[in-house]
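Every chain is numbered from 1, with letters handed out A, B, ... down the list of sequences.
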Amino acid sequence: MPKELAKQYEPAEAEERLYQWWSDSGFFRPSGDATKPPYTVMMPPPNITGQLHMGHAFPYTMQDILIRWRRMQGYDTLWLPGTDHAAIATEAKIVEAMALEGITKDDLGRERFLERAWQWNEKYGGRITEQLRKLGFSCDWERQRFTMDAGCNKAVNEVFCRLFEKGLIYRGERIINWCPHCLTSISDAEVDYEEKDGHFWHLRYPLADGSGSLLLATTRPETLLGDTAVAVHPEDERYKAFIGKEVVLPVVGRRIPVVADTYVEMDFGTGVVKITPAHDPNDFEVGLRHGLPVLNVMTDDGRMNENAGQYAGLDRYECRKQLVAELDKLGFLAKTEPMKHNVGSCYRCGTVVEPRVSLQWFVRMQPLAEPAIAAVRSGETRMVPERFTKTYFHWMENIKDWCISRQLWWGHRIPVWYCADCGEMTVARETPAGCAHCGGQNLAQDPDSLDTWFSSALWPFSTLGWPDATADLARYYPTSTLVTAYDILFFWVARMLFSGLEHTGQTPFSTVLFSGIVRDAQGRKMSKSLGNGIDPLEVIAQYGADALRFSLITGNSPGNDVRLSDEKVAASRNFANKLWNASRFIRMNLGEDEPAPHLPAQPEREDGWILSRLNRLTGEVTENLEKFELGIALQKIYDFLWDDFCDWYIELSKTRLQRGGQPSETARAVLVYTLERTLRLLHPFMPFVTEEIWQALPHTGVSLMLAPWPVFDPALEYPDEEKETEILLAAIRAVRSRRAEMNVPPGRKAKLHVESATPELFTAGEEFFRRLAGASAVEPVAGGFELDGAVTVVTADCRITIPLGELVDLEAEQARLRKELEGAEKQIASVQAKLGNASFLAKAPESVVAAQRETLRRAEEKAALLRISLAQ
RNA sequence: GGACGUUUAGCUCAGCUGGUAGAGCAUUCGCUUGACGUGCGAAGGGUCAGCGGUUCGAGUCCGUUAACGUCCACCA
């Protein structure tokens, strides 16, 4: 036990050392104690492409707080970390790197590309987990997983096969979102919509019989090349006569039918819609209803294909330009008007997506969504804050089938093989020896891989060994709390819920706790393109991990965004420093062989005051944590530590520690006890500085991490001591305030003449008044006391007269007292009105009425004392 | 078009099941008080967005309006 703490706390050095020690000592591992309940949290796996950013720091800090707290409470805690292979993002990065070398995927081939990808994972996959350690996260690194490791792959194949066998996975030609840059399909959830300025081109489609033309409007004229019909509303009087006729597609010359479909809105545009089944989801549906051909006119990379005739080979936007010019030239363009419309783009690369008919694999969602909705509705899984359930229900109730196949190489390959002999497919958990139908050997595996989120959806149980019945699965599943930012509710949370229910029969977690988004000092979302991201590692290097953690958590409520600024982190660092110095002071007053913290047999008055408050704090913080009110809990610890403990208790203790050269043993014991208990309460939030201090204090046990969480104890209430100390503190505050207002120099001490119902309380506290209120002495006086050149300070419990001679302006003094009296009388009148109200007395709870009576009593006493002063 | 959120001191935000408003930062004044100037003491500053309702009592519940924000849908 070091005798002294350094003058300043050095986070960088301490954090590195402590984390290493905790980790080496195995403190992050679950205790495995079967007599204790388990508490499990699955860390949302960060992408292997990623660098640590605030989007991780925030929800992960919340997880660490919960895990550390539950661990101290004695739960058998498991916090399981891991990484996500991030199919599109990773593949894109590798392709990008390859481009610099002048190679493409096709140059390399699948095998060699995957070799590169795994090498890439080796090289960069560990970077993010190294960075997580800097924040002090107490996850069990020995159980770390990867969404593409063998175990996860086994789970993925199992899930795919089960769903296929149940008819919940199917392959079909559907309209999907295609990214012409990433060259893969993406799911509906992966499309970001943004309103953009565009045009509304009005086109004339002449009737085949030469009887005129139909006017229609489009925002995407290039899709005209793939039109296979024109639609009008069946009830539309304007166009009824045209139904069944044919129009000639401008420029192309193809004859296409006019069909009637209620999908058309009569009062929008011209009431005539061109139908392009291959490139628009709604048109695709219309096409199905009317048996229209599907004519794809584009290539994978967003250019026009051979079906586009003279435009083949052109980029889609170049084609649009040329086609519009041609339409204009030939007189088919009636008019062009500006129009705002929503354009969807790929959430990874930002390229405008192309709806497109394509052969893909889908998960039939409705049967899976139903139990997932029920689980949240019944409260089996709870969301905090609750409002997110509404968003969740809305999404789940309107869910469409999930396109899970991706034209990527980096990912879980679809476990389906096609037979060249009989044409049938074989769906199997492991590479089949031959075709399941004809036994043929000419099998080729589906070239596509699965959506990254397909494997993430299994995270809560695939990481515990599922589908095998492992001990971990039995012990730690279902998990307890899932913590994530609200922006991946659909991507991840919803999919884990239905996957967990479907495959394990249990909801994967009992509570979902949402964090918000971290914003910059101006309230903007942090983004790469804006370049306004605050790097957690830089913040940690400058202020320490504890300061960053504190900044993210304090005063924030679940699901709310947090604004981070340099000033905020600096303020948090100041708090760590305050705690450090208070501890330093206490350490200075301890001997080498100090016993472990203990409660003194006979606490003195001010000890009772702080112990009562500490006890209450303990109860409240625990309660707040149970309700996931981390921000409130931390705020309370801060207030207690800074205001109650440092500003009052430690200041009061200084006198006691020096009393007659004989330090008060009681004071020392209470100082250490209170500090030690507060360190325990604060540890989950600020693990490093608390452990560092704890190690320098007398203690039992190895690490603060493993110290038992304090519990509220009704025996530790000292109501009388608390009340009496409050009377003293109020008097000290009042005297200080008076002196400050009058600009009394600190060196100018004065005798305090105290009139009170409990004079012995004030004589006993004389030392405190000397040290903290500029008093030279405290002298109790009887009623009617009078003194010239003095000011009077009045609280509800005492009247103190301070002779300050020439500093006193008698008139101003009288005016001030009158004003104070007015205030008191006003309050008396207001409270009396309330207490005179029969329905208030009848309906308000007893405690409220009692509190009002007490307020009235104190106001009246204060007024009485003021009147005495004014009468003199 | 639908849903949700926000609107509280100059700024950033707390405020649980309703009982006459709090913190940090900023501002002003004072301070080598033997842990800390990353500090100490004191002070100023709010008709809790507007309107209406429920209630003995509303920042807190209900309705409505406005501004800002987010998500979902996507009438070509």
Chemist: Tell me whether the guanidinium CZ or amine NZ of A/Lys654 lies under 6.0 angstrom from the six-membered ring centre of A/Phe585 and within 45° of its axis.
Modeler: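 Judged by the rule (NZ or CZ under 6.0 Å from the ring centre, within 45° of its axis), A/Lys654 counts as positioned above A/Phe585.
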Chemist: Could you tell me whether A/Lys749 atom NZ has more than 12 heavy atoms of other residues or ligands within 6.0 Å of it?
Modeler: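 Correct, the count exceeds 12.
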Chemist: Could you tell me how far apart A/Ile632 (CD1) and B/G22 (C1') are, to the nearest whole angstrom?
Modeler: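 In whole Å, B/G22 C1' and A/Ile632 CD1 are 12 Å from each other.
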Chemist: What's the gap between B/C11 and B/G46 when it is taken at their P atoms, as a whole Å value?
Modeler: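 The answer is 13 Å between these two P atoms.
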Chemist: Taking the six-membered ring for Trp and the full ring for Phe, Tyr or His, determine whether the centres of A/Tyr486 and A/Phe514 are under 6.0 Å apart.
Modeler: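 That pair fails the under 6.0 Å test.
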Chemist: Assign A/Tyr193 to base, sugar-phosphate, or nothing according to its heavy-atom contacts below 4.0 angstrom with the strands shown.
Modeler: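 Result for A/Tyr193 = base.
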Chemist: What residue among A/Tyr543, A/Phe688, A/Tyr638 forms ring-ring contact (aromatic ring centres under 6.0 Å, His included) with A/Phe550?
Modeler: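 Output: one option passes, namely A/Tyr638.
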Chemist: By the 4.0 Å heavy-atom rule, please label A/Lys400 as base, sugar-phosphate, or nothing.
Modeler: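 Contact class for A/Lys400: sugar-phosphate only.
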Chemist: Considering heavy-atom distances to RNA chain B, does A/Arg771 or A/His394 have its closest nucleotide positioned more toward the 5' end?
Modeler: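 By nearest-heavy-atom nucleotide position, the 5'-most residue is A/Arg771.
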Chemist: So does A/Arg387 get a side-chain nitrogen or oxygen closer than 4.0 Å to the phosphate oxygens (OP1/OP2) of B/G5?
Modeler: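 Looking at the OP1 and OP2 atoms of B/G5, neither is under 4.0 Å from any side-chain N or O of A/Arg387.
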Chemist: Select one nucleotide: of B/A76, B/A14, B/A35, the one nearest the side-chain heavy atoms of A/Asn560.
Modeler: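 The listed nucleotide nearest to A/Asn560's side chain is B/A14.
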Chemist: Do A/Ser830 and A/Gln827 pair up side chain to side chain, a donor and an acceptor below 3.5 Å, judged on atom types alone?
Modeler: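 A/Ser830 vs A/Gln827: no donor-acceptor pair found between side chains.
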Chemist: B/C4 P sits how many Å from A/Asp487 CG, rounded?
Modeler: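 Going from A/Asp487 (CG) to B/C4 (P), I get 20 Å.
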Chemist: Please state whether the phosphate of B/A3, meaning OP1 or OP2, lies under 4.0 angstrom from any side-chain nitrogen or oxygen of A/Lys390.
Modeler: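 Negative; the distance criterion is not met.
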Chemist: Which is true for A/Trp642 with a 4.0 Å heavy-atom rule: it touches a base, it touches only sugar-phosphate, or it touches nothing?
Modeler: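 Sugar-phosphate: the residue A/Trp642, judged by heavy atoms under 4.0 Å, touches backbone atoms but no base.
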Chemist: With P as the reference atom in both, quote the distance from B/G1 to B/G57 in angstrom, rounded to an integer.
Modeler: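 39 Å, rounded to whole Å.
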Chemist: From the list B/A42, B/C74, B/C31, which nucleotide is the closest neighbour of the side chain of A/Arg736?
Modeler: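 When the side chain of A/Arg736 is considered, B/A42 is the closest of B/A42, B/C74, B/C31.
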Chemist: Please classify the nucleic acid contact of A/Asn743 as base, sugar-phosphate, or nothing, using heavy-atom distances under 4.0 Å.
Modeler: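 Here A/Asn743 touches the backbone only, sparing every base.
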Chemist: Counting any heavy atom closer than 4.0 Å, what does A/Tyr486 reach on the DNA or RNA strands: base, sugar-phosphate only, or nothing?
Modeler: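 Result for A/Tyr486 = nothing.
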Chemist: When the P atoms of B/G19 and B/G59 are considered, how many whole Å apart are they?
Modeler: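 It comes out at 10 Å once rounded to the nearest Å.
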Chemist: Hey, is the main chain of A/Leu772 close enough, under 3.5 Å, to the side chain of A/Arg736 for a donor-acceptor pair?
Modeler: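 Yes: the side chain of A/Arg736 pairs with the backbone of A/Leu772.
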Chemist: Confirm from the modelled atom types if A/Arg563 and B/U12 form a donor-acceptor pair under 3.5 Å, side chain to base only.
Modeler: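 Side chain to base: no pair below 3.5 Å.
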Chemist: What integer number of Å spans the C1' atoms of B/G45 and B/U8?
Modeler: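 After rounding to an integer number of Å, I get 13 Å for this pair.
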Chemist: By the 4.0 Å heavy-atom rule, please label A/Lys654 as base, sugar-phosphate, or nothing.
Modeler: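 Counting heavy atoms under 4.0 Å across all strands, the contact made by A/Lys654 includes a base.
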Chemist: Under 4.0 Å, counting only non-hydrogen atoms across every strand here, what does A/Arg584 touch: a base, just sugar-phosphate, or nothing?
Modeler: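 Contact class for A/Arg584: sugar-phosphate only.
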Chemist: In the structure shown, which nucleotide is the Watson-Crick or G-U wobble counterpart of B/G34, with both distances under 3.5 Å?
Modeler: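 Base partner found: none.
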Chemist: Could you identify the nucleotide paired to B/A3, looking across every strand shown and requiring Watson-Crick or G-U wobble geometry with both distances under 3.5 Å?
Modeler: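 The answer is B/U70, by the H-bond criterion.
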Chemist: Counting Watson-Crick and G-U wobble pairs only, both distances under 3.5 Å, name the nucleotide matched with B/A23, or none.
Modeler: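 Pair assignment: B/A23 / B/U12.
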Chemist: Calculate the interatomic distance between A/Glu620 atom CD and B/C16 atom P; express it in whole Å.
Modeler: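 One finds 14 Å between P of B/C16 and CD of A/Glu620, rounded.
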Chemist: More than 12 heavy atoms of other residues, nucleotides or ligands under 6.0 Å from NZ of A/Lys196: is that the case?
Modeler: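 Yes, enclosed.
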Chemist: For atom P, what is the distance between B/A23 and B/G15, given to the nearest Å?
Modeler: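 Pairwise P distance, B/A23 against B/G15, rounds to 15 Å.
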Chemist: How is A/Ala571 classified with respect to the nucleic acid when contacts are heavy atoms under 4.0 Å: base, sugar-phosphate, or nothing?
Modeler: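 Sugar-phosphate contact only.
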Chemist: Looking across every strand, which nucleic acid part, if any, lies under 4.0 Å from A/Pro745 by heavy atom: base, sugar-phosphate, or nothing?
Modeler: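 Touches nothing.
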Chemist: Of the listed nucleotides (B/A76, B/A42, B/G39), which one gets closest to any side-chain atom of A/Met339?
Modeler: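 Nearest listed nucleotide: B/A76.
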Chemist: Considering every strand shown, what is the Watson-Crick or G-U wobble mate of B/A42 when both distances are under 3.5 Å?
Modeler: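 Because both required distances fall under 3.5 Å, B/A42 counts as paired with B/U28.
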Chemist: Rounding to an integer number of angstrom, what distance separates B/C61 and B/C16 when you compare their C1' atoms?
Modeler: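 Pairwise C1' distance, B/C61 against B/C16, rounds to 15 Å.
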Chemist: What about A/Tyr392 and A/His394, are their ring centers closer than 6.0 Å?
Modeler: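 No - the distance between ring centres of A/Tyr392 and A/His394 does not fall below the 6.0 Å cut-off.
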Chemist: Have a look at A/Ser830 and say if it touches a base, only the backbone sugar-phosphate, or nothing, with a 4.0 Å heavy-atom cut-off.
Modeler: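 Since a base atom lies under 4.0 Å of A/Ser830, the category is base.
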Chemist: Go ahead and name the base partner of B/C61; Watson-Crick or wobble counts if both distances stay under 3.5 Å, otherwise write none.
Modeler: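 Pair assignment: B/C61 / B/G53.
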Chemist: Taking CZ from A/Phe388 and P from B/C71, how many angstroms apart are they, rounded to a whole number?
Modeler: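 Going from CZ in A/Phe388 over to P in B/C71 covers 11 Å.
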Chemist: Heavy atoms only, 4.0 Å cut-off, all strands: where does A/Asp647 land among base, sugar-phosphate and nothing?
Modeler: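 Sugar-phosphate only.
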Chemist: Has the side chain of A/Asn577 got a donor or acceptor atom sitting under 3.5 Å from an opposite partner on the base of B/C36?
Modeler: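 It does not, because no donor-acceptor pair links the side chain of A/Asn577 to the base of B/C36 below 3.5 Å.
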Chemist: Whole Å only: how far is the CD atom of A/Gln522 from the P atom of B/C25?
Modeler: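 So the two atoms are 20 Å apart, to the nearest Å.
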Chemist: Could you tell me how far apart A/Glu567 (CD) and B/A26 (P) are, to the nearest whole angstrom?
Modeler: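 After rounding, the gap between these two atoms is 8 Å.
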Chemist: Report yes if a side-chain nitrogen or oxygen of A/Ser737 is closer than 4.0 Å to either non-bridging phosphate oxygen (OP1 or OP2) of B/G41; otherwise report no.
Modeler: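 Looking at the OP1 and OP2 atoms of B/G41, neither is under 4.0 Å from any side-chain N or O of A/Ser737.
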Chemist: Once you apply a heavy-atom cut-off of 4.0 Å, does A/Gln658 come out as touching a base, just sugar-phosphate, or nothing?
Modeler: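 Touches a base.
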Chemist: For the side chain of A/Val273, starting at C-beta, report the closest nucleotide among B/A35, B/A76, B/A14.
Modeler: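 So the side chain of A/Val273 is nearest to B/A76.
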Chemist: Any base atoms under 4.0 Å from A/Lys578, or only sugar-phosphate, or nothing? Heavy atoms, all strands.
Modeler: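 Contact class for A/Lys578: base.
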Chemist: If you find the nucleotide of RNA chain B closest to A/Val831 and the one closest to A/Glu265, which residue's nucleotide is nearer the 5' end?
Modeler: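 With A/Val831 and A/Glu265 compared, the 5'-side residue is A/Val831.
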Chemist: Whole Å only: how far is the CD atom of A/Glu629 from the P atom of B/A23?
Modeler: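 One finds 20 Å between P of B/A23 and CD of A/Glu629, rounded.
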Chemist: A/Arg238 and A/Met266: which non-hydrogen atoms are nearest, and at how many Å?
Modeler: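 Scanning both residues completely, I find the closest heavy atoms to be NH2-O, 3.0 Å.
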Chemist: Could you check which of B/A43, B/A35, B/A76 has an atom nearest any side-chain atom of A/Cys646?
Modeler: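 Among B/A43, B/A35, B/A76, the one nearest the side chain of A/Cys646 is B/A35.
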Chemist: Distance check, P atoms only: B/G44 and B/A21, in whole angstrom units.
Modeler: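 Approximately 15 Å lies between the P atom of B/G44 and that of B/A21.
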Chemist: Just call it for A/Asp561: base, sugar-phosphate, or nothing, with non-hydrogen atoms closer than 4.0 Å on any strand.
Modeler: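 It contacts nothing in the nucleic acid.
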Chemist: For A/Glu397 and B/A3, what is the distance between atoms CD and C1' respectively, to the nearest whole Å?
Modeler: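 Rounded to whole Å, this separation is 12 Å.
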Chemist: How about A/Glu386: does its CD atom have over 12 heavy atoms from other parts shown lying under 6.0 Å from it?
Modeler: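 No - once you tally the heavy atoms of other residues, nucleotides and ligands closer than 6.0 Å, there are 12 at most.
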Chemist: Using the C1' atom on both, measure B/A67 against B/C31 and round to a whole Å.
Modeler: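 It works out to 46 Å between them.
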